[in-house]
Amino acid sequence: MKRMPMETLQLCADLISELDQQLTRTKAIAQLPAERLLHRTDPDKWNALDVFEHLNLSSGIYLRGLERAFAEQAPSLRATPTFTPGFIGDYSTRNMLPRADGRLVWRMRTMRMFDPARQHGSDHESINRFIALCEGFIKLLQLAPGTDLNRMRVTSSLGPVIRFRAGDAFRFPIAHQKRHFLQIERLLAHR
Amino acid sequence: MDLLRRTIVRYVELSDRDWAVIAPRWKEYAFSRGAFISSVGKVEDRFYIVAQGVQKLSFPHDGADICVGFAYGGSWSGEYASFLTRKPARFDVVAVTDSILLGIAHADLQRLYAEMPVMERWGRLIAEEVLVGRATREIEQMSLSAGERYERLVKRSPQLLQLVPQKDIASYLRMTPETLSRLRRSTS
């Protein structure tokens, strides 16, 4: 698929709007009774808190990488009006999002370092940390039009070998979060 | 929250007016299994009552995790000593199963103690209960045989054997996992 340049301003606005929706929903979820947050469809499957913690672990890599990049690389870069996704960044982001019919492609196994059940578990704080995480992304997205999201690079969660363009380092984790909100809603619909 | 009121009135009498002051200070907290409720080195800010689930109290020693107790249905949870002293916790408290705890922050509880004699009395009674519990366990640890310690646990909290990993039960009973499994086989 041909990778088209996108307007940086529009991209940032779209991502901020997606994050705002996720934040609004998350703040409502934080008020739900503990019992619903802990609900599992199967004893070995994740509950909603585990999903939030999984997002903290995985998106956290990008947020920290972006924060470092904005501090170290951004000052020496000139603002560019467009962003062209990188090959792997674009491919990963597209496959992360549900198709128009709601179908998910790319079912995958969670890596140990992103699995809360095999790290330090999850609790109410996981939700608060997720809120802080989204706010962190928004803060950087507001600065993003003033820099070059193409030339600024961030190490991906796939390992140090794969470095995303900064624009993809926003797009990919936010799409990943969106995908997991489907799972969170499914879990919370159960009662 | 109903559990909270029932738990408090086991010790002291509460009027509806008392309850209206007390209830808003408490909050429900969810912990998935494996989550740390308190951890070594961090000051415990909350006192908890267990609404659901089992938590284990342990400390790391020589590469092993030494289990010193469990909290479950209706009992207290969290790192009480750290909560009282405001010093770093010496124990980890970890959710063994998905847990719901009713918690109150240190400052809120102190305020309740200061404003309501009935709550201060409650606080004294639970502190006494904890102290007596510790003394009892100390004597059991020193004087009972492995088999007797196991039987005590079976009688007092049989559900723990189903919910808690064997290695934690063995550590709690100060015996090897092998001894524990031999005891389980011989008594079943």
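Just so we're on the same page: letters track the sequence lines, and every chain starts at 1.
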S.K.: Answer with side chain, backbone, both or neither: which region of P116(A) has an atom nearer than 4.5 Å to a non-hydrogen atom of chain B?
M.R.: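 Neither part.
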S.K.: Looking only at heavy atoms, what is the nearest atom pair of N47(A) and D98(B), with distance?
M.R.: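 Scanning both residues, the minimum pair turns out to be ND2-OD2, 4.1 Å.
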S.K.: Verify side-chain contact (heavy atoms from CB on, under 4.5 Å) between H120(A) and V94(B), making sure each step is shown before the conclusion.
M.R.: CA-CA 9 Å; H120(A) 288 303; V94(B) 174; over 6 Å; no
S.K.: Answer yes if I37(B) and W26(B) sit in the same cluster of Ile, Leu, Val, Met, Phe, Trp and Tyr residues linked by side chain heavy atoms under 4.5 Å apart, and no otherwise.
M.R.: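 Different clusters: I37(B) never reaches W26(B) through Ile, Leu, Val, Met, Phe, Trp or Tyr contacts under 4.5 Å.
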S.K.: Do you know which of G121(A), S126(A), S122(A) has the most heavy-atom pairs under 4.5 Å to chain B?
M.R.: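 Among G121(A), S126(A), S122(A), the one with the most close pairs to chain B is S122(A).
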S.K.: Would you say the side-chain atoms of H124(A) pair up with the backbone N or O of A30(B), donor to acceptor, closer than 3.5 Å?
M.R.: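 Checked: pair present.
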S.K.: Measuring heavy-atom distances to chain A, does S39(B) have an atom under 4.5 Å in its side chain, in its backbone, in both, or in neither?
M.R.: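 For S39(B), there is no contact with chain A at all, as no heavy atom is under 4.5 Å.
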S.K.: With a 4.5 Å cut-off on heavy-atom pairs, point out which of S32(B), A51(B), S99(B) contacts chain A the most.
M.R.: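 Of the options given, most contacts go to S32(B).
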S.K.: Only one of F31(B), Y29(B), F36(B) passes side-chain contact (heavy atoms from CB on, under 4.5 Å) with D123(A); say which it is.
M.R.: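 That would be F31(B).
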S.K.: Kindly work out whether a path of hydrophobic side-chain contacts (I/L/V/M/F/W/Y, heavy atoms less than 4.5 Å apart) joins Y72(B) to L57(B).
M.R.: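 They do not share one cluster, since no chain of ILVMFWY contacts under 4.5 Å joins Y72(B) to L57(B).
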S.K.: Are there more than 12 heavy atoms of other residues, nucleotides or ligands under 6.0 Å from atom OH of Y91(A)?
M.R.: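 No - once you tally the heavy atoms of other residues, nucleotides and ligands closer than 6.0 Å, there are 12 at most.
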S.K.: Can you confirm whether more than 12 heavy atoms, excluding those of R124(B), are under 6.0 Å from its CZ atom?
M.R.: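 Yes.
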S.K.: Hydrophobic clustering (ILVMFWY, side-chain heavy atoms < 4.5 Å, transitive) - are I131(A) and F52(A) grouped together?
M.R.: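 In one cluster: yes.
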S.K.: Are I174(A) and L23(A) grouped together when hydrophobic residues (ILVMFWY) are joined by side-chain heavy atoms under 4.5 angstrom apart?
M.R.: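 Per the 4.5 Å side-chain linkage, I174(A) and L23(A) are co-clustered.
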S.K.: Between V93(B) and I169(B), is there shared hydrophobic-cluster membership here, with clusters defined by ILVMFWY side-chain heavy atoms closer than 4.5 Å?
M.R.: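 In one cluster: no.
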S.K.: Please classify the contact of E35(A) with chain B as side chain, backbone, both or neither, using a heavy-atom distance under 4.5 Å.
M.R.: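 Backbone plus side chain of E35(A), per the 4.5 Å heavy-atom cut-off to chain B.
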